[in-house]
Structures are given as structure tokens and as C-alpha cells.
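Please read the structure below before turning to the comments.
Note that the structure is a prediction, hence the values are computed from the model and not measured. Throughout, protein chains are lettered first and strands after them, A, B, ... in sequence-line order, and every chain is numbered starting at 1.
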Amino acid sequence: MGTYIIRRLLWTILLLFLISAITFVIFNILPSADPALLRAGKNPTPEGIAAIRQQLGTDRPKIEQFWSYMKDLVFHFNFGRSYINDVDVKATILDRLPNTLFLISGAAVIWFTAGVVIGTISSVKRGSIWDRVAMGSALLFISAPVYWLGLVVTYLFSDDLGKFPLLPGVGAYAAAHGFFAQAHALIMPWMVLAAAFAAIYARLLRSNMLEVMGEDYIRTARAKGLPGRSVIRHGLRSAITPLVTVLGLDVGILVGGAILTESVFSIPGIGRLSFDAIQRGDLQTIQGTTLFLALAVCLTSLVVDVLYAFLDPRVRY
Amino acid sequence: MAPLLEVKDLTVRFTTEDGVVNAVDGVSYTVEPGRTLGIVGESGSGKSVSSLTVMGLTRARNAEITGEVLFDGKNLLEASEQEMRTVRGGPIAMIFQDPMSSLHPMYRIGRQLVEAVQMHQKVSKAAARDRAAEMLALVGIPDARRRLDSYPHEFSGGMRQRVMIAMGLCNNPRMLIADEPTTALDVTVQAQILELIRRLQSELDTAVILITHDLGVVAEVTDDIAVMYCGRIVERGPKDQIFAAPQHPYTWGLLKSIPRLDTPRDQPLVPIAGRPPSLINRPTGCHFHPRCPYVRPECVTVDPTLEPIPNDPTHVVRCLIPAGERKRIWADLKAGRTPAVAAVEAGITNDPEEASDGA
Amino acid sequence: MAPEPIIQVKDLVKHFPIKSGVIISRQVGAVRAVDGVSFDVNAGETLGIVGESGCGKSTTARLITRLLEPTSGSILYEGQDIAGMSRKQLKPLRRDMQMIFQDPYSSLNPRKTVGSIIAEPFVVHGIEPDDGQRKKRVQELMDQVGLNPEHYNRLPHEFSGGQRQRIGVARAIALKPKVVVADEPVSALDVSIQAQILNLLRELQHDLGLTIIFIAHDLSVVRHMCDRIAVMYLGKIVELAGADELYAHPRHPYTGALLSAVPVPDPVLAAAKKRQILGGDVPSPANPPSACRFHTRCPKVVLGTCDVDPPALEVKEGGNVAACHFPLTDSEIALQVPTAAA
């Protein structure tokens, strides 16, 4: 197990190195907006631009730029400074991270619980009205885009412009202070973010359950005289395990930014940060958030794999 | 002796998209305490479904079950699901064919055994664990207490079947139903498991129903045998009788089509022509008639009933051929003649090739 | 005339590596699936290879047909060593050597008609380009294996297990091979169907002069089908003998235990025999016991000899070739294996 984790970490480092090289190539070598031009403001003078270039270091040879970028990254875990407002990228990401984590952890709890409960009931009552309604609406939520769902929910329930003003709406999170106020403000974003995931998880769990409930060991459990509830627990133990993998990867990707949800509800998270950076052509920040996403996905998938060995005793590394 | 289990006219039908599957059709048998009944048949003969029904494990929405299953005088088919749960794994235990997939892969053996014990006995967890370790030791698993903490994949196939048997026997059942318990195992392991079942049966005086396709296995372990074909019992009787003087053409076919170690090596195998019929569209008359080399005109229209053979009320057969002729045909077959010759000798003139429309 | 070997297998070894390591994985051990196996197959005979799961019999079959690459050793086919040949060099030989598999359900492509499944070998080897001729040939083959030639355009799922195995047989004999390797060809079939397939194989062998290597775990089936039989245990041949000799007087205690374990469909004989029941399980082929690999389970084991000195395959009493220091005596056989006298 220890060897396996070390090997995975080494691979992760190599992967991150490659990703940083690729992002560097994409943003610095391929044609894109010259950061010096963006920085120089209206009516720039050629001397001014040259001065900015020198200050940013973009006048040096590309290979040298890459070297210094990588050096900062590897030795100082430094993502550079934004070309737009000269803010340290790492500091910005760390500053925004708690908001994103709060958003997705709440949403993940909601969608995992809802998915498992709905999926289990659907599989146990297969073919019933409940099953059909649940799976039908699941399909609806999967196909509904987040920004559309966000707008609909805001229109219906937000306390400033909703038909039924029940919940804090857009911008409430940014204005809220304290854990409970923030959590209250996040209820709507949580629901919106969780909707599609809950639907996918419910469908996944239902089909896993239906498969597992036909296994020989479920028949054994029934032949032991276990009551229906215990038999379902036996089934759920197997059916839920693959869902954990999916959960890990989904969370990993979202840590890198729940871009749409954060944008719709004006939540100052990492997704919002990348969105703004892309709009402004802020290369250093884009590069930073991209690398951060890669790191998050790599680490969560490692955590998932290690976790899997605990969940499924047959898996050994 | 009063029978422990009495199955009367058990019928199980499943309604499917393709039609009604007649899985079990009017099956009756009895098992006395401490005896072993072997149910022999091929896939689709209804041998597994009939015993799963005894356990109340075929209660699906599309299943229609009629008849009586009297266990200790109580009709299990009328019992509620709640009552059945106290029977399953308690007085009646069941073990299955594939020990590889019959244990939950993610729970420790100990947990699965303790669960079974606590389901039927009001004992503490520690006491249930003691019982589990005791049972594992009884079925021959070395270092039993430590192995309680193992997962199923840490055991070999034979060891897993031992665990299944331990789980079945932990509540002192009065009857054990073993559905192809050794089919998935190697021959030396099969011998170990059969020996174990035999030993436990004599020590614990449990009645056993052994379901198998292997005539060798029933010859070694059982007291009585029921041969099933197409959802029905076609012949039933004491083991020695079934092997010494089998009565049904299907039983003859089974006995002559298997290669065996106790016959001359060059003795040709006589396959049963054709293949098992569909349970949805069963043949008219005697269900075996399309494959029977001794078919007579009345076999196509008349559905035979299970009748005792002359001078032996314990040996019953479902066949229209007169007893005297059956005796003569079996004598011919035993002497190594082919079914075609035997049929002619018995005065049956039909072309057996007609029935053998490719398998 | 002395029998003429068509295949000579010598010191055949197949190890599947077990790898481990932090960055670069290196081999830390090997599953010794086949570990030094030698035998000849004579033209026109049926050689049986029998043993329990994990003994290496299926791996041996796949090595002979070169579906697997041997770790070492040689396989002479008509005097030519095919052990180290490349795929390209092997292609012409594949015509001569065909395989029949255990599972008639998964070894046929479900989307192809029976006609095109049986015709596949012709296409692969570019033989008989004329399409009309090919169909006729395929229908002849179907007739030969007892399938209705009119079912040419049906799909595999429309056939029963026995019929599917017939399709597999037709495909195997399509190119008139010299050698057919049958790996557990009847173990997935119902008892009443097994005999049909076994009889078909015998008939075809007689008609086409096939050499058959018959792999099975069922000792009764092997006895019925084979002229000579090799018994394998943990990657090694422990006994090799003619069928009559092997079943009449097994010399290796493992063979004896196998025969003793086979249930006999005769209550009288079953009651008479003193069953020899082996304890424990087959050890792991990744870490086999020293010297004689059977010594951990052998009822006749003599420690100090069996676990130190590997026995050689040599001729024992009655002509059996067995690898054992203390072969079974006739009185032991009579006690354990009542069928031996039959």
C-alpha cells in the first residue's frame, strides 16, 4: 500500500510537470493577446510597452521564461503574479478556495444522499409509479443546464425577485458573514449544483442495485432468513462502492471550479476566478487555476483509490 | 416414520413476455428425518426451482405457485413472509452451487456467520462468534477462530463451500437443501465436500435434499432418488432400485449416455437424441416422447401418471410402456444393445432417427 | 510399426511474471503455470491431458497452439520447432492445428451468421475464393457435424449449447487440420448432450484421421476418449500412460486419489470402495512445494525423500510412466479404486 501511494505521488508530480509545460506552451507560445498590451492601458507608447515587457519578463527568450516559471513553481510553489492587477495568483486561489470548498462539500452531501436514497427506493420498487416518476425527473435534471436551472430557481424562490421569496438569492453569499448566514445563502446554489449530480447518482445506484440484487450472495442472505431491510443493506454495500469513485472524481473536478454555479450566484470561488481570468485574458491566473484543477483531480483520484482498498477488501495494491 | 417434508402436487408457473413457463408441474415427494433425497435432472428440469420454492425464494410477482409444501405438518406455501424468515436458515438451510459467488465479497466470514446465528438464536454477539468458530472447526477449517476475520476471497473454492455449509448448519437445521453443492469444484475437493455432508448428516441427523445432474454423486450419497424431466418427476424410488432396475426411458438414457469408470473403455456412449424441450411449449402426451426411442402412438396423446411398479410401491414411474416390456428393454440395454435394437426386440417399430432431429 | 510422433513437446515452460516496484516494476516472482513438461503426440491418436484447476493443462493447450508464447522449451511440429516462431511464420501452420473451446456461448461472435462463422477460416487463410463454392463447402461441414445446412443464415443465439459446440467443431475442421486441440469441449454441456459431442469427435477423428489433444478435468470422459493420458499437477506431468494402464493400475498417488474421488454411478461399487480423500488444497503455483510438488498432500509421503529429491518420470510396474519415489502397489489400488478392476 505504501509503495503504491508513493508510486502514485511520483506519477502525479510527473503529470503536473507535463501539464504545466503544456499550459505554458498553449498560453505563451501559441499566438494570444500580448499581456504587455493589456497592461499598458489606452494609447500606449512603444517605450511603455517595452518597459512593461521587461518588467513582466516577457521580452526574454521563451525557454528562459519557461525555466523561471518552472523554477518558481517547483521551488517556491509560486504560480506567478497576475498580469492584470499584479496580485499573487497563489494567494488569490487560496483566498477563494474556502468558498468553493463550502459550496461543493454541501452540494456533494446533498447529491450523494439524495442519489443513494432515491436510487435505492427506485430499485427496490422497480416498475412502480415512484420509480417511474423518480427516473423521469432524474432525466429532466440531467438534461437541464445549470445556468438555466439557476435562473429558474432564482425566478421562483429568491427573496429579492422570486415569485415565492423563500431563500437568499444571487449575491447573497458574497454579502453574508458567519457560517450560518453563509450556509443559508448557499442553500439555493447547493440545490442547483446538486440537482444534476443527484439525478445521475440515483440512476447509477439504481442500475448497480438491480444488478447486485441478482447476485448469488443476495440469495444466500435471503436463504439465511434475513429480513428485507438487511438484504437491501447487503446489496447496497456492493452497489454503493463504485459510486464512491465517481464521487471522488466529481469533487476533484469541482474543486477546480464550479464555474457555472459560482457565476450564476456570484460566489467568489475558484470557478468565478477562472471565469473572470478567461474574460480578461489574464494568462498567469488561467495557468494557475488550470494547474490547481489538475492537482485537485490527481489528489482526489489518489484518495479515491486508497479509499477503495478499504471499501472493497478484494482490492489490494 | 412421519415425513419431515412432504411436497404435494407442487406447481410453479412464471408468466413472461414469451408465454407461461411451466417450471415445476405437479411434483410430489417426501423426505424423512435423517434421510437423503437426491433430485437428478438437467438444466431446465425444474429441480432447482422446486427446492427454491420450498424455501419460499421464488415468490416473485410473476410466479404462480400451487400445491402444498408440508414441513413438520405446516404448509409453508401459506406461511407469511415473516414466518418464512424464521424457517429459512433456521429449521431448513440451503447451500448453493457456486461457492465463489455465494458469499458476500465485502463482509468478513465471521460477520456473515454471526448474522446467520443471531437471526435465529437470541444470543449475544460474543456467543454467536463462538458458535461461528465452532461451526468452522466442525466443517474442517483449520485455525477457525482466526479465519473468522478473513474475507471470502482469501479462501479457496472448496473452503468457501465449507463456510457455506457451516453457515447452513449453524442453527441446527432439521433439513439441508444442497443445490449442486460440488458442481463448481474439482473432483478431489468434491470428494472432500461429499464426505463432509455425509459425516455431518450422520452426526447431526439432518435430512438432506441433494440436487445434482451427476448420477455418480447421487449413487454415493443419497438414500432415495427422484429423476426430473421437463418440470416433472418421471421416476422416483430407493437408490438401489433406481440403479439396479431403472424404469423410465429417460433414466436409461442418462445411465447409458455418461462415460463411466466401471464399464469397459470401448463401450460406446448412447446419447439421448434431440434436446430438452421448451418449458413454454411442452410436447403433448408424455413430455419425453419426442426423444424417446421406444415411443408408441399413445405416448403422443396420453399423459402418463406416476404409477408404482408391480411388487414395489416405493418405486414409481411415469411411463406408458407396460412393466414387462420395460424390464425386457432394460435387460437388453444392460447387455450392451443399442436402443434401436432394444426397441425392435420389444416389438416397437418406429424409426428412432425421426426423433433425433439434431441436438 | 512404431508410432510416429506428430508433435514432440520438450521441457516446455510457461511462467507468468508477478511484478512489483515503486517506479520501475521488476519481476519479483512467477506463476509457474507450466514448469518443464515433455511428451509426444502420435499421429492419429487422442492424447488426454487431465488435472484439476490450476494444474496447467489449459496453458499447455494454448502453448501447443501457440496462442501463448512459451518461456522456454521446444514444441516440434512435424520436426519443425514452433516454440519461437513469429506470428507470420506460424500462419501456415495454423491451418494444420485448430482449437475447440470450452464455452460454446462466448467463443462464437453473436453478430455473425453461422455460415460466416464456419467460413471464417477460409477467409482468414484466403482459400477458395469462389463464393458459391464456399457456401456449398460450409453446408457440407454443417451436415458433417450434424447441423441442418438450411440453418446457414441463423445467428448463434438461435442454437442450443450442444448445437453451438457443433458450430465450434465445424469451424475447427473446416480447413482439414491434422491436429485438433479440444479444451474442455463438453464440460459446459448437459449430460445428455455431452455424449452427442463426444461421439461426434470420435466419428470425425475416424473419418478425417485427426490427431486430438483432449484437455479435460473429468476422468470418466478422458478415459472414454483418449488412447494415452498425461496427468498434470501444479505445472508438471506426474503420470503418463496408456488409458488401459492408467485406469487399471494408476501408479502415482495423485492419479490414485483422483480416480478414487470420482463418484461412480453404481451404489454397490460406491459402497465397496475405501475412498482416498486428499486433505487441503492445491498449493499456489507461484510458490510450489519443493521436490515432488505433491508431497504436501500425498498419503504416501516420506519426508526426507519426497521433499528433498525431485522424482524423475520413469517407467513403473505395468508400463506406466510416473514421477514418484513410492508408487502405488496393486493392493493399495484394489482398495482405493474399485473401478480399476472393471
Side-chain angles (χ1 to χ4, degrees), chain A residues 1 116 120-132 205 208-247 304-317, chain B residues 48 51-52 54-59 61-62 81-109 111-121 149-154 160 163-164 167-168 170-171 173 176-179 184:
Chain A
M1 181 69 110
V116 168
T120 308
I121 300 176
S122 269
S123 68
V124 172
K125 300 191 180 300
R126 174 161 64 139
S128 66
I129 292 290
W130 159 271
D131 180 28
R132 280 181 222 171
L205 189 81
N208 284 354
M209 257 317 248
L210 288 179
E211 200 182 308
V212 169
M213 293 307 276
E215 293 283 349
D216 288 349
Y217 54 80
I218 297 297
R219 186 181 56 188
T220 306
R222 297 218 289 146
K224 278 198 278 195
L226 294 186
R229 185 190 293 254
S230 306
V231 176
I232 291 170
R233 206 178 52 224
H234 275 225
L236 206 53
R237 178 68 177 80
S238 299
I240 214 167
T241 308
L243 233 62
V244 174
T245 322
V246 186
L247 178 71
V304 163
D305 285 351
V306 171
L307 197 62
Y308 210 92
F310 286 99
L311 289 176
D312 189 339
R314 289 168 298 180
V315 176
R316 282 284 166 270
Y317 301 114
Chain B
S48 291
S51 49
L52 285 170
V54 170
M55 292 284 280
L57 290 175
T58 50
R59 294 183 174 181
R61 249 170 298 171
N62 64 343
E81 182 58 27
Q82 191 97 27
E83 289 170 300
M84 275 316 288
R85 282 213 309 268
T86 62
V87 173
R88 286 201 284 263
I92 308 182
M94 188 159 184
I95 58 175
F96 301 99
Q97 170 172 354
D98 193 350
M100 291 308 191
S101 58
S102 290
L103 288 163
H104 200 297
M106 297 180 192
Y107 292 140
R108 294 176 201 276
I109 296 296
R111 183 192 158 152
Q112 302 191 44
L113 283 161
V114 165
E115 202 174 43
V117 174
Q118 287 195 307
M119 195 58 228
H120 297 278
Q121 299 175 34
D149 289 325
S150 302
Y151 286 100
H153 71 269
E154 292 162 327
R160 281 190 227 188
V163 173
M164 284 297 291
M167 195 146 81
C170 64
N171 295 311
L176 177 72
I177 301 177
D179 188 355

For A/T241, is it the side chain, the backbone, both or neither that has a heavy atom under 4.5 Å from a heavy atom of chain B?
side chain
So among B/M167, B/H120, B/M119, which one has a side-chain contact (heavy atoms from CB on, under 4.5 Å) with A/K224?
B/M167
Per-residue contacts, residues 213-223 of chain A versus chain B, heavy atoms under 4.5 Å:
A/D216, A/Y217, A/R219, A/T220, A/R222, A/A223
Quick one: what part of B/Q82 sits under 4.5 Å from any heavy atom of chain A, side chain, backbone, both or neither?
neither
Could you look at B/L52 and say if it's the side chain, the backbone, both or neither that has a heavy atom under 4.5 Å from chain A?
side chain
Heavy-atom nearest pair, B/P105 first then A/P313, reads O-CG, 3.5 Å
Ranked by heavy-atom pairs below 4.5 Å to chain A, first place among B/M94, B/M84, B/Q112 goes to B/Q112
Please check this pair: side chain of A/H234 against backbone of B/H104, looking for a donor-acceptor N/O pair closer than 3.5 Å.
no
First locate atom NE2 of B/H153, then atom CZ of A/R314, and finally report the distance between them rounded to the nearest 0.5 Å.
8.5 Å
Could you tell me whether A/R237 atom CZ has more than 12 heavy atoms of other residues or ligands within 6.0 Å of it?
yes
If one checks every heavy atom of B/A116 against chain A at 4.5 Å, the contacting part turns out to be both
Region of B/L57 that comes under 4.5 Å of a non-hydrogen atom in chain A:
both
Quick check on A/E211: does its CD atom have over 12 non-hydrogen neighbours (other residues, nucleotides or ligands) under 6.0 Å away?
no
